[in-house]
Amino acid sequence: MSLTLDTYRLLGRSGLRVSPLALGTATFGTEWGWGAEQDDARKLFDTYVGRGGNFIDTANTYTNGSSERMLGEFVRDRRESLVLATKYTTLRRPGDPNSGGAHRKSLFASVESSLRRLNTDYIDLLFLHVWDFTTPVEEILRGMDDLVRQGKILYVAMSNAPAWEISRMQTMADLRGWTPLIALQIEYSLINRAGERDLIPMARAMGLGVTPYSPLGGGVLSGKYSHADLTATSTDSGQGNRKSFNAGLGMVTERTLAIADVVREVSAELGRTPAQVALAWTLRNPGVTAPVIGARTPEQLVGNLGALEVHFTAGQLARLDEASAIDLGYPHDLLAGDHIRTVVGGGLKIENRR
């Protein structure tokens, strides 16, 4: 059965209902050399919300604050019906070490700044954006809990952090009666399945809904790159666009282009676009709640939303999985072996329904 944006899903172990695709707004503003001007960003917002979408994703420093400022204007007349997620930890003022990081001072100042830009008195979902490896987890959790108790944020979540730290935080929150985490945002796509090693299984076990970013692999899976881009850098030909930026980050490789070729083959068989196929594959993972999709034009957005209607055959899924498969590494590969299953289970077939 096809999904729609108003086929809402529960986010993690909460009662919060969100659309199966979140609208990413890192493209709201042109300060980073690409993106949409305010009028075009408004069209993107109206297109998404008009189709029943309610889950909006931003961050305190996206396009130097323009993303939050635009959203503050766009959501004014429908704030209560939307789930607005933002993030903190990235540096807000160059030269000021306390304007970034996961610590309490950064957390409180960032949330106050986001509330002003978003023109709201509460944030539905606050993500810790990037793990800093210095702030004690007790300080993070207690600070988040204080803000929840003040009514400034409703739910808390994590992004770009080690699985063992997140699981430790969730356990600590449970034991101390602090606000639990309900979501995890990670990079995840057919060209980056590293989250399957520990992060996604951990999220399922700990009650966190996964909201993957870059589900199109920086555009590689949409078919916009070719072998000519293998040697590109972010400054080639003086370009300051996202395509050259992603190529310069090393997202374009022989392996990722080979995966994109299989995506293109499957899309041709289905009469769909490569982007729709890549997004639909991500949506099928039972650990994924809502991939975050971005666009520069309403046409791109509408095209991406078509992923909700894609249906695969078993053979097509097998080809996509085979082309993008990763080595899970130790101890996963060891524990999956027939010898180990025999040692610990006597060779019996035991179905895990969790």
Answer whether the closest heavy-atom distance between the side chains of [X] and [Y] falls below 4.5 Å.
X      : Y      : value
Ser66  : Phe28  : no
Leu305 : Ile293 : yes
Thr211 : Phe55  : yes
Leu279 : Leu216 : yes
Asn192 : Met251 : no
Gln170 : Met202 : no
Met144 : Leu128 : yes
Leu16  : Val83  : yes

*asked:* Does Val302 form a side-chain contact (heavy atoms from CB on, under 4.5 Å) with Thr47? I'd like the steps, not just the answer.
replied: CA-CA 8 Å; Val302 171; Thr47 298; 3.8 Å; yes
Can a side-chain donor-acceptor contact be found between [Y] and [X] if the only test is distance below 3.5 angstrom?
X      : Y      : value
Ser324 : Arg193 : yes
Asp327 : His332 : no
Ser113 : Ser110 : no
Asp57  : Gln185 : yes
Tyr213 : Asn160 : yes
Thr135 : Asp132 : yes
Glu73  : Gln38  : yes
Ser114 : Asn60  : no

How close do [X] and [Y] get, counting heavy atoms only, and between which atoms?
X      : Y      : answer
Phe45  : Leu82  : CZ-CD1, 3.8 Å
Val130 : Thr89  : N-OG1, 3.0 Å
Tyr8   : Gly52  : OH-O, 2.9 Å
Ala41  : Ala36  : N-CB, 3.9 Å
Pro20  : Pro291 : O-CD, 3.2 Å
Leu181 : Met158 : CD1-CG, 3.6 Å

Are [X] and [Y] close enough for a salt bridge, meaning some N to O gap below 4.0 Å?
X      : Y      : answer
Arg272 : Glu309 : yes
Arg319 : Glu322 : no
Asp96  : Lys105 : no
Arg264 : Asp261 : yes

Look up atom [atom1] in [X] and atom [atom2] in [Y], then write down how far apart they are to the nearest 0.5 Å.
X      : Y      : atom1 : atom2 : result
Glu138 : Asp145 : CD    : CG    : 13.5 Å
Ile140 : Glu165 : CD1   : CD    : 8.0 Å
Met206 : Leu199 : CE    : CG    : 12.5 Å

*Apply ring-ring contact (aromatic ring centres under 6.0 Å, His included) to Tyr188 and list each qualifying residue two or more places apart in sequence or on a separate chain.*
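For Tyr188 the ring-ring contact (aromatic ring centres under 6.0 Å, His included) partners, ignoring immediate neighbours, are Trp281.
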*Do Trp178 and Ile166 sit in the same hydrophobic cluster, where Ile, Leu, Val, Met, Phe, Trp and Tyr count as joined when their side-chain heavy atoms come under 4.5 Å apart?*
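Yes: a chain of side-chain contacts under 4.5 Å links Trp178 to Ile166.
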Are more than 12 heavy atoms, taken from residues, nucleotides or ligands other than [X], located less than 6.0 Å from that residue's [atom1] atom?
X      : atom1 : result
Arg13  : CZ    : yes
Arg296 : CZ    : no
Arg17  : CZ    : no
Arg92  : CZ    : yes
Asp39  : CG    : no

*Assess whether side-chain contact (heavy atoms from CB on, under 4.5 Å) is satisfied between Arg79 and Tyr122, documenting all intermediate values.*
CA-CA 10 Å; Arg79 174 66 187 93; Tyr122 71 98; 3.3 Å; yes
*Glu68 and side-chain hydrogen bond (donor to acceptor under 3.5 Å, both in side chains): which partner among Thr61, Thr86, Thr58, Thr120?*
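The option that passes is Thr86.
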*asked:* Cation-pi check for Phe74 against Arg69: NZ or CZ below 6.0 Å from the six-membered ring centre and within 45 degrees of the axis, yes or no?
replied: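 No, Arg69 and Phe74 do not form such a contact.
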*Determine, stepwise, if the pair Leu115 / Glu112 fulfils side-chain contact (heavy atoms from CB on, under 4.5 Å).*
CA-CA 5 Å; Leu115 289 171; Glu112 291 295 341; 4.2 Å; yes
*Evaluate salt bridge (charged side-chain N to carboxylate O under 4.0 Å, His left out) for Arg104 paired with Asp146, printing each intermediate quantity in order.*
CA-CA 10 Å; Arg104 189 179 181 93; Asp146 285 345; 2.7 Å; yes
